[in-house]
2 protein chains.
Amino acid sequence: MGQITLKDIAQALNLSPSTVSRAMKNHPAISEDTKKLVQKYAEQHKYKPNTLAMQLRTNRNNTIGVIVPEIVHYFFSTVLSGIQEEAESEGYKLLFCHSQEDYEREVKSVETLIDARVCGILASQSKETQQYHHFQEIVDNNIRLVFFDRICTGINTDKVVVDDYAGAFNAVEYLISTGCSRIAFLGSHPSMPIANNRRMGYEDALRKHKLPILKEMNRVCDTPELAREVIPEMLQLNPHPDAFFCVNDEVAAYCMQISKSAGFKIPEEISVCGFTNSYITDVTDPTLTTVDQHGFEMGKVAARLLINRIEGKETKPGIVSRLIKTDLVIKGSTRK
Amino acid sequence: MGQITLKDIAQALNLSPSTVSRAMKNHPAISEDTKKLVQKYAEQHKYKPNTLAMQLRTNRNNTIGVIVPEIVHYFFSTVLSGIQEEAESEGYKLLFCHSQEDYEREVKSVETLIDARVCGILASQSKETQQYHHFQEIVDNNIRLVFFDRICTGINTDKVVVDDYAGAFNAVEYLISTGCSRIAFLGSHPSMPIANNRRMGYEDALRKHKLPILKEMNRVCDTPELAREVIPEMLQLNPHPDAFFCVNDEVAAYCMQISKSAGFKIPEEISVCGFTNSYITDVTDPTLTTVDQHGFEMGKVAARLLINRIEGKETKPGIVSRLIKTDLVIKGSTRK
DNA sequence: CTGAAAGCGCTAACAT
DNA sequence: ATGTTAGCGCTTTCAG
């Protein structure tokens with residue numbers, strides 16, 4: 001009923017467990033006859049080595065923990081997909097944790113993963129997180145840690161981030177090249193590095209082209225709820241923005257919707273640019289110009305970096321920081 | 001460096017490992033003094049019980065495996081979110097596998113999970129899967145199995161499905177009530193039960209209202225690629241469809257886009273209805289009427305059912321089949 | 001070529 | 001109230 005063990009095989013075949021163990025792994029010192037005998041018996045009785053026992057011996061479970069802030073989200077699900085593919089191809093299992101943008105849950109996830117004695121952890125922090133004592137705990141427990149996207153600046157560890165600065169810079173410069181000059185920035189809370197880097201890219205592009213950096217053109221607006229509140233206000237400005245550079249595709253989509261129903265033509269009067277290149281960019285009307293973040297690649301790169309660290313292949317001391325290049329994808333929401 | 005063990009504590013305190021073990025769990029037969037001594041020492045030295053050892057003893061690892069066909073997908077990521085929440089609240093960890101709609105990967109995922117000796121498995125099969133010998137393997141290994149959404153009809157086990165029939169029936173009846181009479185059905189491959197159930201709901205609604213069931217109004221069309229091929233053909237029909245009932249929101253969104261650019265007014269000339277209620281339904285123009293599948297709830301229900309089975313709380317013999325009710329969500333793409 | 005014994009970290013039955 | 005022993009399933013010296 002329960003699984004058959006090495007001992008069972010040994011008993012049945014009048015051999016010692018050690019011989020059976022060796023026979024199963026084709027140890028050279030075992031006679032062909034014995035090997036065949038053992039392997040045939042194992043096959044017939046569907047013997048499966050007990051992973052748990054192995055894990056206890058080696059104190060390794062070939063498992064990577066991953067903490068995602070919000071899985072119902074194009075970007076993060078893409079990253080997870082990349083992580084999974086890379087992990088699987090290297091023989092690692094994935095323990096999935098979901099902070100749901102909640103600090104307490106994030107802390108609990110970390111505890112769970114440390115407790116499970118995973119070989120390494122891939123994490124992106126929640127929007128709420130302000131302390132990082134729990135992440136430090138990971139490091140203190142000698143567990144490899146790689147942050148992706150939403151990195152925690154307080155912890156000195158490997159990370160993989162999108163080149164937010166360049167992504168924003170290039171997008172804004174493109175908007176300028178099409179004749180936009182009053183470009184609004186809809187960002188995220190400045191406590192997140194990604195928000196700051198994008199703002200800097202945005203501002204530097206304006207500076208380079210001698211456009212003014214106006215305070216009223218820069219707002220925190222990273223959810224549909226905020227969009228409904230903030231965007232109508234900005235459309236009231238005189239002169240109104242002639243372009244919106246948005247922190248994500250969803251906000252950009254709402255931005256188009258709100259602007260259209262306020263009577264503005266897109267892209268003729270107002271250009272809108274998103275960030276991520278999720279599937280919504282193809283179903284809005286017009287389709288949405290956006291910055292591709294290559295989430296899948298980020299996942300693969302992060303997983304690979306972590307695995308290399310675990311296996312001692314990434315020998316570089318100090319911390320490694322990988323940058324994922326972005327690509328501006330021009331669709332229909334920006335003027336030509 | 002490595003973790004401290006019970007034995008280490010015992011040695012340091014001149015006690016036996018068993019006493020330390022008991023002291024840690026407040027066994028009544030241990031003196032208060034010893035308990036305090038041990039617990040203080042453990043605290044100071046950051047003792048963490050070795051889960052792996054426990055798992056070997058009990059042959060249980062409190063882990064549930066989940067196999068998702070495609071995580072970059074609103075519905076499935078929602079389900080995963082529900083599964084995760086329920087599992088976490090019951091103290092189970094989640095081993096995440098991703099078949100990516102690929103049969104081979106699905107088989108491998110099953111092997112990985114059996115190998116990891118999970119307590120139970122939640123699975124939704126890939127579109128490609130035609131054989132189910134691997135799922136049978138799960139059952140043969142005495143591992144609890146619950147299918148969700150894309151169930152495998154060949155395996156006799158618990159399942160949680162969306163009420164596709166009623167969802168389709170109600171949606172189509174609504175379309176009829178608004179005056180549509182030439183309603184097209186864009187479905188999935190008939191090998192999937194969910195596709196058949198919806199088609200039956202669709203057809204029964206037509207029958208009830210004495211509308212003809214036309215072969216040319218029923219096509220397989222469940223991806224953007226197919227949409228671009230199939231929908232223009234259907235718009236050529238004379239008379240053209242005055243409504244499309246689509247298998248998912250994405251196809252519905254493309255359907256709107258294609259119909260609009262062919263010159264049709266939505267919803268005045270053509271009504272469009274999707275299925276899922278994903279976030280794209282709020283950013284299309286017009287917004288998309290759809291059938292809410294309640295993925296989060298499905299995830300919670302499936303996980304709960306599995307956990308009850310694992311813990312012997314679901315005593316009902318035979319198989320349990322839970323139905324998730326749908327809700328028609330009327331937005332802007334259907335006439336009033 | 002094969003076997004005996006020890007040990008990974010923990011617990012529980014059985015002493016004392 | 002505490003200690004001894006055995007064992008979960010496997011591997012790996014060390015000894016034949």
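Order of the sequence lines sets the chain letters (A, B, ...), proteins ahead of strands, with each chain counted from 1.
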query = Under 3.5 Å, side chain of E86(B) to main-chain N/O of A303(B), donor-acceptor pair present?
reply = no
request  = Without swapping roles, check the side chain of N50(B) against the backbone of L52(B) for a donor-acceptor pair under 3.5 Å.
outcome  = yes
ask   = Over how many whole Å does the gap from K48(B) atom NZ to dC8(C) atom P extend?
value = 21 Å
ask   = Atom CD of Q3(B) to atom P of dC10(C): distance rounded to whole Å?
value = 10 Å
task = Go through dA1(D), dG9(C), dT4(D) for me and flag the one nearest to the A29(B) side chain.
result = dA1(D)
request  = May I ask you to evaluate whether K25(B) reaches the phosphate of dC10(C), defined as a side-chain N or O under 4.0 Å from OP1 or OP2?
outcome  = no
request  = State whether K35(A) places a side-chain N or O below 4.0 Å from either non-bridging phosphate oxygen (OP1 or OP2) of dC1(C).
outcome  = no
Classify [X] by what it touches in the nucleic acid, base, sugar-phosphate, or nothing, heavy-atom distance under 4.0 Å.
X: L15(A); answer: sugar-phosphate
X: T34(A); answer: sugar-phosphate
X: N14(B); answer: sugar-phosphate

remark   = Of S16(B) and A53(B), the one whose nearest nucleotide on DNA chain D sits closer to the 5' end is S16(B)
query = Any side-chain donor-acceptor pair under 3.5 Å between Q3(A) and N141(B)?
reply = yes
message = Tell me whether the side-chain N or O atoms of S18(A) pair up with the base of dA4(C) as donor and acceptor below 3.5 Å, since no angle test is needed here.
response = yes
ask   = Salt bridge between E314(B) and R322(B), side-chain N to carboxylate O under 4.0 Å?
value = yes
